[in-house]
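To start, the structure itself, in structure tokens.
Convention: sequence-line order gives letters A, B, ...; per-chain numbering from 1.
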Amino acid sequence: MTKFKMQTYQNLVKDSGGATRENLFSLLGKVQDEFGYVPREVVRDLASRTGLAEARIYGALTSYKDFKVTSQLDNQDERE
Amino acid sequence: MKENKILTRRVGRYQPLDIVAYKALGGLQGLKRALEIGPESIIEEIKKSGLTGRGGAGFPTGLKWASAAKVKQQPKYFICNADEGELGTFKDKVLLDGDPWLVLEGIIIAAYAIGAEQTYIYIKGEYEKTAELWENLVCEAEKANLLGERILGSSFSANLQVVRGRGPYIAGEEFALISSLEARRAMSKLKPPYPTEEGLFGKPTVVNNVETIANVPVILAETAEKYRKLGVEGDTGTRLFSLSGDVKKTGVYELEMGSGTLRELINELGQGTKNGRSIKAVQPGGGTSTLLGRDSLGCKLTSRAIRQAGSGIGTAGVIVYQEDRSAVDILKGLLKFYGAESCGRCAPCRIGVTKMKEIVDTLSRGEAAADDLAQLHEIGKACIVASTCGMGQAFPLPVLSALELFPEDFEAAITKNQKLK
């Protein structure tokens, strides 16, 4: 897990050949695996790239128990 | 009783990414023949083989393919369902990890037969290493010209996208899986239309289980005629039985259909129950299948025989419960799982599973009243009739059968309550 950087995310999109509705689910998965969560900025960016509403992506995300929408690293910092 | 390794014969015999070794062990013969005979003949072969879905519902594979193939519009999609979530079922993982090229070969043949250029494999979230392996496998396959443009010099091109599931059990259901791939909540929906008409992104889609797909190269390589000789009439081929629960030797056993009985599977291959006690009940087809009592253990391992005994072969996940378990505890465990996994789309399942879980929990605490049993029965019946998808229609089955087979366990739970009063 690495700290969220917009640049790292942009590279993930590039490596997946862009963001489309067809690869949205697996792309969200890659973001989750990389940062340990799917940041709000990413949801916003993916919404504009795919033409879907932000709420539509966020609503789907939060229904899966393996997707997180808050940083797991920050929580750890707080505990320490 | 002996295993008959057809699908699992190469498992563990080569390094998973090594295509040369796979070929040396007889791989790719099915795909070669498939490309020679063309889509229509492939579908005829699959129909003739009698192959049925191994994911639980048992639908004839050839028919499914034929209905997608006859739709002429593009794009079409093929999805390999590797979201193995049913309780007591872990057979697909053996193939995905142990002989991935066989599964991939099957995916390519299926895509070619129905005319799908985009294919997906949706791998259960917990199988993280398996998903990694498959990412690498796709790269190797592209290098070997098994995926990509003009596969093995033919005019057919196809891509495979590896997708990891993210948790929900229901994503293993056809429509819920499709909905998940569309980046929506994993939820089932009413059929028809079936996915072969309106599936992924509204396009014709075939969804097949891993084990089903692994049969395809075998059928093509050996011809349907020869394959049909395996098993019995109406139940051809082999099945991978996942044996778990109170048995000494849990594991996946590949058996020719009809080659033995439930008792033989448990006592010979499974080496009997854990502490030598007698068997109380068995679920022959995963966590949602009807419980069979001791009297049914002589039942042959075919879907027909298991159906006649009152249950279903489902995913062939055989769960064994030994004598010292109370039926109430068995149900408590099952309902804890299904209660958490109902997708919530339809009311009978969403409310029914919660209510049934509550009653069973009250029973197990010894706080239930006598009319709770009647209610448990009634809600179960209602769920079966009114639920949208297979999960809601099936999770009450073990409950209803437990009430019928082991009334003394429930009575004991209620008497305990009355004594407390």
Give a yes or no on this: more than 12 heavy atoms of other residues, nucleotides or ligands lie within 6.0 Å of atom CD of E149(B). no
Within a strict 4.5 Å, meaning less than it, do heavy atoms of the Q161(B) and F25(A) side chains meet? no
Count the heavy atoms belonging to other residues, nucleotides or ligands that lie under 6.0 Å from NZ of K332(B), then report whether that count exceeds 12. no
Closest-packed option against chain B by number of heavy-atom pairs under 4.5 Å, given L27(A), D33(A), N23(A), L28(A): D33(A)
Close approach to chain B in residues 48-55 of chain A, criterion heavy atom under 4.5 Å: none
So for atom NZ, which belongs to K191(B), do other residues, nucleotides or ligands contribute more than 12 heavy atoms lying within a distance under 6.0 Å? yes
Quick one: do E22(A) and L200(B) satisfy side-chain contact (heavy atoms from CB on, under 4.5 Å)? Show the steps, please. CA-CA 9 Å; E22(A) 279 78 10; L200(B) 188 62; over 6 Å; no
Out of curiosity, L181(B) CG to L24(A) CG, how far, rounded to the nearest 0.5 Å? 11.0 Å
Answer with side chain, backbone, both or neither: which region of A186(B) has an atom nearer than 4.5 Å to a non-hydrogen atom of chain A? both
Enumerate by number any residue of residues 13-21 of chain A whose heavy atoms lie under 4.5 Å from heavy atoms of chain B; in the absence of such residues, state 'none'. R21(A)
Answer yes or no: are there more than 12 heavy-atom neighbours, outside R44(A) itself, under 6.0 Å from its atom CZ? yes
Sort by residue number and list every member of residues 105-133 of chain B having a non-hydrogen atom under 4.5 Å from chain A. Y120(B), Y122(B)
Report, as yes or no, whether the 6.0 Å neighbourhood of atom CZ on R185(B) holds more than 12 heavy atoms from other residues, nucleotides or ligands. no
Measuring heavy-atom distances to chain B, does Q32(A) have an atom under 4.5 Å in its side chain, in its backbone, in both, or in neither? side chain
Which residues, numbered in order, of residues 56-67 of chain A come under 4.5 angstrom of chain B by heavy-atom distance? R56(A), G59(A), A60(A), S63(A), Y64(A), K65(A), D66(A), F67(A)
